[in-house]
Amino acid sequence: MKLRICGIRTVWDAVGDGEFFCPGCGGDRNYRRLTGRRRFAVLGVPMLRRGTTGPVVECAACRSRFDTDVLDHPTTTRLSAMLRDAVHTVALGVLAAGGTTSRTVLRTAAATVRGAGFDDCTEEQLSIVVEVLSADIGHGSAFDPAAEACGAALAIELHEALEPLAPHLAPAGREAILLQGARIALADGPYGPSEREVLTTVGGALRICAEDTARLLAAAARTPS
């Protein structure tokens, strides 16, 4: 066994902690954020400073260390919440575009939202929220389907709910959210112009190109309900 006489030794200091999705463990774990002080060491004894290194993120479970950009990935818990909110927002957007007079559409929307994780969602709750949303985007309490559906407020809501989520989903996952909205819109017949406009906005916010969005919406319309 060779004795290492000299070399560079790094002394790590914890400067923060939290919870993250660990790529090594494949799940949510606690982490420590570390910064390092590099020293030239002789016989294991730090002698001369050689600058700093890091910061890095160290998993409390597997002790693996990663670049801090690993913290940009949401935890499993956070990702689930983002998915749930995304489906809820898409459902509201489609209902705001097509109106809430059809019980079939409301029933489909409520079932979709419950399937995403809002277990207590009812048709009545969605109807009330859509009335409020319609008033906020300038349509008053009685929504006019012939008016411009994707107003500024609605577009902002869709982009805020979907854009942060899109980078963390595979293409199939992003398409699934769009198709859930399409099924709600088709529950009472073909897309209306306002519904199609909202769904096109959904596709764009999910980073689905316009051609693929149109293709997916057309395929959903051809699929028997």
Side-chain angles (χ1 to χ4, degrees), residues 79 81-118 121 123 126-127 129-225:
L79 185 61
M82 293 169 69
L83 280 167
R84 185 172 63 243
D85 291 343
V87 173
H88 184 249
T89 304
V90 169
L92 291 176
V94 174
L95 289 174
T100 57
T101 57
S102 170
R103 300 307 299 182
T104 302
V105 170
L106 274 174
R107 190 180 309 116
T108 303
T112 300
V113 174
R114 285 194 297 270
F118 285 105
C121 178
E123 299 168 31
L126 287 179
S127 183
V129 175
V130 169
E131 287 295 323
V132 174
L133 178 61
S134 298
D136 287 343
I137 63 177
H139 298 309
S141 58
F143 183 77
D144 177 9
E148 181 183 358
C150 198
L154 179 54
I156 290 172
E157 289 288 336
L158 290 169
H159 281 279
E160 287 183 347
L162 301 176
E163 284 184 345
L165 175 64
H168 307 295
L169 295 179
R174 288 182 269 125
E175 291 176 0
I177 294 175
L178 175 64
L179 292 174
Q180 285 177 310
R183 283 191 286 271
I184 295 171
L186 293 167
D188 63 344
Y191 305 114
S194 298
E195 291 171 328
R196 184 177 291 276
E197 182 181 354
V198 166
L199 291 169
T200 299
T201 299
V202 169
L206 288 169
R207 298 186 178 183
I208 302 173
C209 70
E211 293 79 8
D212 285 343
T213 295
R215 174 181 57 80
L216 289 166
L217 295 181
R222 291 193 300 269
T223 302
S225 58

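- Between the Y191 side chain and the L199 main chain, no donor and acceptor come within less than 3.5 Å of each other.
- For the pair L217 and A182, the tightest heavy-atom approach, listed with the atom from each and the gap, is CD2-CB, 3.9 Å.
- Nearest approach of P190 to E195, heavy atoms of both residues: O-OE1, 3.9 Å.
- Counting heavy atoms from C-beta on, the side chains of L126 and H88 come closer than 4.5 Å.
- The CD atom of E175 sits 6.5 Å away from atom CG of D212, with the distance rounded to the nearest 0.5 Å.
- Inter-residue side-chain proximity for L83 and I177 is flagged as met; some heavy-atom pair is nearer than 4.5 Å.
- Among all heavy-atom pairs drawn from R174 and R207, the shortest one is NH1-O, 3.3 Å.
- Nearest heavy atom pair, residue G203 against residue L178, reads N-CD1, 4.1 Å.
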Item checked: side-chain contact (heavy atoms from CB on, under 4.5 Å) between T89 and L162, intermediate numbers included -> CA-CA 9 Å; T89 304; L162 301 176; 6.0 Å; no
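- The CG atom of D85 sits 4.5 Å away from atom CZ of F118, with the distance rounded to the nearest 0.5 Å.
- Rounding to the nearest 0.5 Å gives a distance of 5.0 Å between OG1 of T104 and CZ of R107.
- Within the 4.5 Å cutoff, side-chain heavy atoms of L79 are placed close to those of H168.
- Closest of all the heavy-atom pairs between L179 and A220 is CD2-CB, 4.0 Å.
- Counting heavy atoms from C-beta on, the side chains of V105 and I184 come closer than 4.5 Å.
- In summary, of the residues considered (V94, I208, L158), a side-chain contact (heavy atoms from CB on, under 4.5 Å) with V202 occurs for L158 alone.
- V90 is not listed as a side-chain neighbour of Q180, based on a closest heavy-atom distance of 4.5 Å or more.
- For the atom pair CG (L169) and CG (L206), the distance works out to 7.5 Å, reported to the nearest 0.5 Å.
- Scanning all heavy atoms of the two residues, the minimum distance from A86 to L165 falls at CB-CD2, 3.7 Å.
- In this structure, CG in D188 is found 7.5 Å from OG1 in T101, a value given to the nearest 0.5 Å.
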